[in-house]
Colleague: 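Below is a structure I'd like to ask you about.
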Amino acid sequence: MNLHEEYMRQALEEAQMAASKGEVPIGAVAVVNDEVVAKAHNLRETTQDPLGHAELLLLKNLKGNGSWRLTDVTIYVTCEPCIMCMGALIHTRVPRLVFGCFEPKTGACGSLYDLSKDTRLNHRIEVVSGVLAEECGELLTKFFKKLRIRRGTKVAEPARLESV
């Protein structure tokens with residue numbers, strides 16, 4: 001197992017914690033010098049806070065390092081970040097992002113948008129996609145399937161979260 005997979009497995013553990021709370025199962029970890037320094041998972045429903053995304057909570061957990069610039073941090077997240085989360089990663093100067101599955105409805109790293117390469121912005125992020133994509137996508141697919149069954153809705157099957 002390579003390091004990307006090792007850290008993504010820890011992000012998947014966070015995602016499973018989110019799922020156990022009824023949250024969308026997305027998890028994230030922050031790594032500095034090959035050491036995990038922070039972990040987080042979605043808590044939007046638990047806290048009733050629209051900013052309760054795993055990536056934003058992770059960034060809040062990192063704010064004790066003496067600077068808002070996170071130039072030595074690699075972020076691992078189970079699903080492609082949305083525009084809001086990518087904006088936060090860009091503004092905090094995170095140099096690297098590693099994610100699992102693509103999110104075709106809200107993804108901002110290549111699916112719907114690609115803020116990581118937008119030359120109009122003052123910072124770009126190196127992105128590695130598709131790490132344990134099948135596992136990450138399957139966790140989300142199962143979660144939403146169970147949610148629809150629980151709610152008794154006959155919503156058309158959503159676009160499958162893509163894997164590389």
Colleague: Got M86 and D118 here, is their nearest side-chain heavy-atom distance under 4.5 Å?
Modeller: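 Result no, sub-4.5 Å side-chain heavy-atom pair not found.
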Colleague: For N42 and H53, indicate whether the former's side chain and the latter's backbone hold a donor-acceptor pair under 3.5 Å.
Modeller: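 Not confirmed, N42 side chain does not pair with H53 backbone.
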Colleague: With a 3.5 Å distance limit and no angle check, can you tell me whether E103 reaches the backbone of C82 through a side-chain donor-acceptor pair?
Modeller: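 No; judged by distance alone, with no hydrogens or angles, the pair does not exist.
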Colleague: Can you hop from L112 to V77 via hydrophobic side chains spaced under 4.5 Å?
Modeller: yes
Colleague: Can you see which heavy atom on H91 is nearest to which on W68, and at what distance?
Modeller: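 The answer is O-CZ3, 2.9 Å.
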Colleague: For residues 23-38, which side-chain donor-acceptor pairs fall under 3.5 Å, sequence neighbours excluded?
Modeller:
{"residue": "E23", "atom": "OE1", "partner": "R44", "partner atom": "N", "Å": "3.1"}
{"residue": "E23", "atom": "OE1", "partner": "E45", "partner atom": "N", "Å": "3.0"}
{"residue": "E23", "atom": "OE2", "partner": "E45", "partner atom": "N", "Å": "3.0"}
{"residue": "E23", "atom": "OE2", "partner": "T46", "partner atom": "N", "Å": "2.5"}
{"residue": "E23", "atom": "OE2", "partner": "T46", "partner atom": "OG1", "Å": "2.6"}

Colleague: So does M17 get a backbone contact from the side chain of S20, meaning a donor-acceptor N/O pair under 3.5 Å?
Modeller: yes
Colleague: Quick one: does H4's side chain get under 4.5 Å of V128's, heavy atoms only?
Modeller: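 Yes, their side chains come closer than 4.5 Å.
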Colleague: Stepwise, does the side-chain contact (heavy atoms from CB on, under 4.5 Å) test hold for V98 with E5?
Modeller: CA-CA 10 Å; V98 180; E5 289 178 356; over 6 Å; no
Colleague: Is any side-chain heavy atom of R9 closer than 4.5 Å to one of E135?
Modeller: yes
Colleague: Less than 4.5 Å apart, side chain to side chain, heavy atoms only: is that true for C101 and T78?
Modeller: no
Colleague: Is there a side-chain contact between L139 and T141 in this structure, where contact means two heavy atoms from C-beta onward sitting under 4.5 Å apart?
Modeller: no
Colleague: Between the main-chain N or O of I125 and the side-chain N or O of R96, is there a donor-acceptor pair closer than 3.5 Å?
Modeller: no
Colleague: If you compare all heavy atoms of F99 against all heavy atoms of C109, which two are closest, and at what distance to 0.1 Å?
Modeller: CE2-CB, 3.7 Å
Colleague: Identify the two heavy atoms, one from V131 and one from C136, that lie closest to each other, and give their separation to 0.1 Å.
Modeller: O-SG, 4.1 Å
Colleague: Side chains of E126 and L97: closer than 4.5 Å at any heavy-atom pair?
Modeller: no
Colleague: If you take all heavy atoms of F102 and S129, which pair is closest and at what distance?
Modeller: CZ-OG, 3.4 Å
